[in-house]
Amino acid sequence: MTAIAPSLLQELASRLEWAGAKTFGAVGQTLGQTVTPAKDLRFGDYQCNGPLTLAKTLGQKPREVATALLAALDVADFCEAPTIDGPGFLNFRLKPDFLAQRLQTMQRGDRLGIPPVPHPQKIILDFSSPNIAKEMHVGHLRSTILGDCLARVLSFWGHEVLRLNHVGDWGTQFGMLITHLQTTHPAALDQADALALGDLVALYRAAKARFDEDAAFREASRLAVVDLQSGEPMARLAWQLLCEQSRREFQKIYDGLGVHLTERGESFYNPYLKAVVQDLAALGLLQEDQGAQCVFLEGFLNKEGQPLPLIVQKSDGGYNYATTDLAAVRYRVTQDRAQRLIYVTDAGQADHFAAVFQVAQRAGWLPPTVEAVHVPFGLVLGEDGKKFRTRSGDTVSLQSLLDEAIARAAADWQSRNPGQPVPEEVVRTMAMGAIKYADLSQNRTSNYVFSYDKMLSLQGNTAPYLLYAYVRVQGIGRKGDLDFAQLADGLFTFADETEITLAKHLVQLPEVLMAVASDLYPNRLCQYLFELSQKFNQFYDRLPVLAAPEPERASRLGLCDLTAKVLRQGLELLGISVLEKM
RNA sequence: GGGGCUGUAGCUCAGUAGGAUAGAGCGAGCGCCUCCUAAGCGCUAGGCCGCGCGUUCGAUUCGCGCCAGUCCCGCCA
């Protein structure tokens with residue numbers, strides 16, 4: 001008997017695929033893709049609806065298809081005999097013996113029994129990407145949190161993940177800013193930290209306003225960009241000072257969130273921009289339109305039905321973000337040798353990335369062997385359902401948002417523990433966990449309503465609820481004081497339904513982590529962990545652990561220990577640290 | 001005007017390669033601590049799955065058309 005895959009879903013899929021092919025030929029192979037976790041636990045643990053669909057193609061009755069399939073299907077090593085129910089559903093139930101054995105495997109391994117993928121990929125994950133000379137704001141929060149979580153999950157599977165911070169450190173805004181500073185704060189151009197970053201942000205706004213209304217200023221700014229791009233020393237120095245200052249501010253936030261990134265900003269690709277345009281021209285993809293160099297897109301039409309252009313060189317000869325992104329794709333494929341490019345940016349950039357990927361493919365820079373994918377996400381809204389802003393209408397700086405979450409978590413803790421000193425680490429962990437979990441637990445494609453009260457709540461699908469479940473389970477483990485390394489086989493026995501329910505949930509971890517790695521939806525992992533906590537709490541409520549007789553006591557301690565390990569690992573993959581006491 | 005995303009319980013949201021009685025949390029009501037942290041658990045109430053048409057044995061899911069919200073739409077990123 002061959003080994004059973006860590007993902008039982010995948011194991012069932014490949015067995016069904018084999019049995020389907022044997023019974024019905026090529027059309028039967030697709031049966032493997034029709035197995036899902038059971039919708040209702042009364043039906044079993046996994047279900048396959050394939051026979052109903054296949055029956056139509058084959059012109060047979062669904063139940064006949066199911067019966068024929070079962071004759072060729074052997075899952076007896078981990079499932080009870082499958083049943084055919086309703087119009088032709090196949091239902092599978094895991095064998096308790098197998099469950100016990102699988103839990104033991106998870107218990108003993110340092111990776112919860114999940115081996116890394118056999119063929120790791122080089123993956124570039126592009127996320128966070130704030131703009132130099134501006135403060136990070138709530139809009140950067142989702143990219144940073146989502147990107148970090150995806151990086152952690154992909155790394156867990158053994159992929160080589162390069163986390164790139166594609167910071168906005170180049171282009172028109174620097175021309176504006178430098179020109180404005182020349183007249184208002186010349187010291188900032190050649191002395192480090194002459195301005196606070198907050199002032200810099202205000203100055204940036206002022207510069208933008210001048211740029212929009214003052215033609216002379218616009219021209220001066222344009223010349224400043226030219227200076228900068230040609231490497232003129234004074235412009236270069238000013239640019240470096242501004243970048244350094246911003247970088248330090250960003251780092252404070254990344255440190256607070258526990259997020260690591262490699263900075264490789266837009267300026268990095270500057271030397272490659274010219275070649276992008278030249279090579280597009282050589283490939284015959286480039287056309288001039290109103291003075292700009294464009295690639296006309298397939299499938300993107302304007303209101304007259306004409307193809308829309310992707311501009312890669314402006315009429316003034318400058319390059320833009322499309323050029324940079326094309327150069328980046330090219331560099332990441334040829335120099336970094338990436339096999340998967342992932343961009344975590346807001347949904348508003350969907351068209352832009354679709355256009356860039358299309359042009360890169362047509363130019364041959366993005367071969368079919370490399371997957372490029374935009375991971376879009378919705379807006380962060382305030383509780384009024386409108387864009388998240390301060391009361392005065394400004395965008396909320398990320399630092400103030402994090403500080404506010406910590407302050408509220410501290411106040412909440414104090415109200416429940418009057419007169420006691422507030423444990424800084426506990427409060428910090430809860431606050432950061434709450435912010436991350438609130439974001440990650442929602443389907444990223446929808447807009448998300450930011451609410452301190454909800455994310456910090458101890459009830460419901462929140463980080464504090466999960467952290468508390470972990471604290472409870474660890475409390476038992478400490479008192480139980482069992483050395484699992486010393487225990488022989490046969491640790492797990494199931495006397496009660498809640499134990500089996502918990503056990504079945506625990507063994508589903510691999511298939512959930514696989515789904516997150518392929519579909520890039522972290523909310524699935526959150527859902528899994530929340531359900532795990534609920535199932536653990538039900539078990540905890542119903543059954544004694546420490547006071548139970550052997551062998552139940554050791555088995556239940558084993559379930560507690562494994563639950564703790566899965567919770568800790570799962571939360572770590574979300575970028576959330578656990579607490580031992582609350 | 002064109003395109004993307006979204007529309008599911010009072011609120012915040014899951015879910016669906018088309019399938020068995022549509023799920024959870026919060027909020028509301030009721031119950032459970034001589035017992036491992038009650039920051040917990042159980043029960044009850046609450047739904048034309050935005051609207052209409054179509055494909056299908058079967059549509060919340062797929063297609064088309066509306067309606068509403070939101071974002072994007074050649075030289076910002």
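Since the structure is predicted, the reported quantities are computational estimates derived from the model, not experimental observations. Numbered from 1 within each chain, the chains take letters A, B, ... in sequence-line order.
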Using whole Å, report how far [atom1] of [X] lies from [atom2] of [N].
X      : N      : atom1 : atom2 : result
A:Q33  : B:rG18 : CD    : P     : 12 Å
A:M176 : B:rC76 : CE    : P     : 10 Å
A:H374 : B:rC5  : NE2   : P     : 12 Å
A:Q442 : B:rU8  : CD    : P     : 13 Å
A:E288 : B:rC75 : CD    : C1'   : 12 Å
A:Y204 : B:rC76 : OH    : C1'   : 8 Å
A:N49  : B:rA20 : CG    : C1'   : 9 Å
A:L532 : B:rG25 : CG    : C1'   : 17 Å

Per [X] side chain, nearest of listed nucleotides [options]:
X      : options                : value
A:S446 : B:rA14, B:rA77, B:rA20 : B:rA14
A:F89  : B:rA39, B:rG19, B:rA14 : B:rG19
A:Q349 : B:rA77, B:rA24, B:rC13 : B:rA77
A:L308 : B:rA14, B:rC73, B:rC57 : B:rC73
A:N523 : B:rC36, B:rG15, B:rC73 : B:rG15
A:S315 : B:rC75, B:rA39, B:rC72 : B:rC75
A:K454 : B:rA14, B:rU12, B:rU70 : B:rU12
A:F530 : B:rA24, B:rU12, B:rA77 : B:rA24
A:D541 : B:rG58, B:rG40, B:rC36 : B:rG40
A:K56  : B:rU56, B:rC41, B:rC36 : B:rU56

Whole-angstrom distance between [N] and [M], as gauged at atom [atom1]:
N      : M      : atom1 : result
B:rG52 : B:rU8  : P     : 16 Å
B:rC62 : B:rA68 : C1'   : 22 Å
B:rG63 : B:rG18 : C1'   : 13 Å
B:rC41 : B:rC57 : C1'   : 43 Å
B:rA14 : B:rA59 : P     : 25 Å
B:rG42 : B:rC33 : C1'   : 14 Å
B:rG58 : B:rU12 : P     : 35 Å
B:rG47 : B:rG31 : P     : 24 Å

Please tell me if [X] has a side-chain N or O lying less than 4.0 Å from either OP1 or OP2 of [N].
X      : N      : value
A:K314 : B:rC76 : yes
A:Q313 : B:rC75 : no
A:N443 : B:rG15 : yes
A:Y448 : B:rU6  : no
A:Q293 : B:rC75 : no
A:Y540 : B:rA38 : yes
A:N537 : B:rC41 : yes

What is the base-pairing partner of [N], counting Watson-Crick and G-U wobble geometry with both distances under 3.5 Å?
N      : result
B:rA68 : B:rU6
B:rC62 : B:rG54
B:rG1  : B:rC73
B:rG42 : B:rC30
B:rG47 : none
B:rU12 : B:rA24

Can you find a donor-acceptor N/O pair under 3.5 angstrom joining the side chain of [X] to the base of [N]?
X      : N      : result
A:D169 : B:rA77 : no
A:T445 : B:rC5  : no
A:R472 : B:rA39 : no

(request) Check the angle between the aromatic planes of A:F357 and A:Y343 and answer parallel, tilted or perpendicular using the 30° and 60° thresholds. (result)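 Ring orientation, 0 to 90° scale: tilted.
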(request) Please work out whether the ring planes of A:F450 and A:Y452 are parallel, tilted or perpendicular, with thresholds of 30° and 60°. (result) perpendicular
salt_bridge([X], [Y]) N-O dist < 4.0 Å:
X      : Y      : answer
A:D45  : A:R93  : no
A:R444 : A:D439 : no
A:E383 : A:K454 : no
A:R218 : A:D212 : no
A:R416 : A:D412 : yes

(message) For A:Y448, does the six-membered ring have the charged nitrogen or CZ of A:R142 within the cation-pi criterion, i.e. under 6.0 angstrom from the centroid and within 45° of the normal?
(response)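 No; the conditions do not both hold, so A:R142 does not lie above the ring face of A:Y448.
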Looking at every strand, decide which applies to [X] at a 4.0 Å heavy-atom threshold: base, sugar-phosphate, or nothing.
X      : answer
A:A547 : nothing
A:L543 : base
A:V449 : sugar-phosphate

(message) I want to verify the glycosidic state of B:rC32; is it syn or anti under the 90° rule?
(response) anti
(request) Sort out for me which residue in A:L90, A:L69, A:V65 forms a side chain to side chain contact (heavy atoms under 4.5 Å, CB included) with A:L31. (result)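 Result: among A:L90, A:L69, A:V65, A:L69 is the only option passing the side chain to side chain contact (heavy atoms under 4.5 Å, CB included) with A:L31.
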(message) With nearest nucleotide decided by heavy atoms, which residue, A:L379 or A:N417, maps closer to the 5′ end of RNA chain B?
(response) A:N417
(request) Using heavy atoms to find the nearest nucleotide of RNA chain B for A:R542 and A:Q534 separately, return the residue whose nucleotide is more 5′. (result)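 That would be A:Q534.
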(request) Assess the pair A:H137 and A:F388: is the distance between their ring centroids shorter than 6.0 Å? (result) no
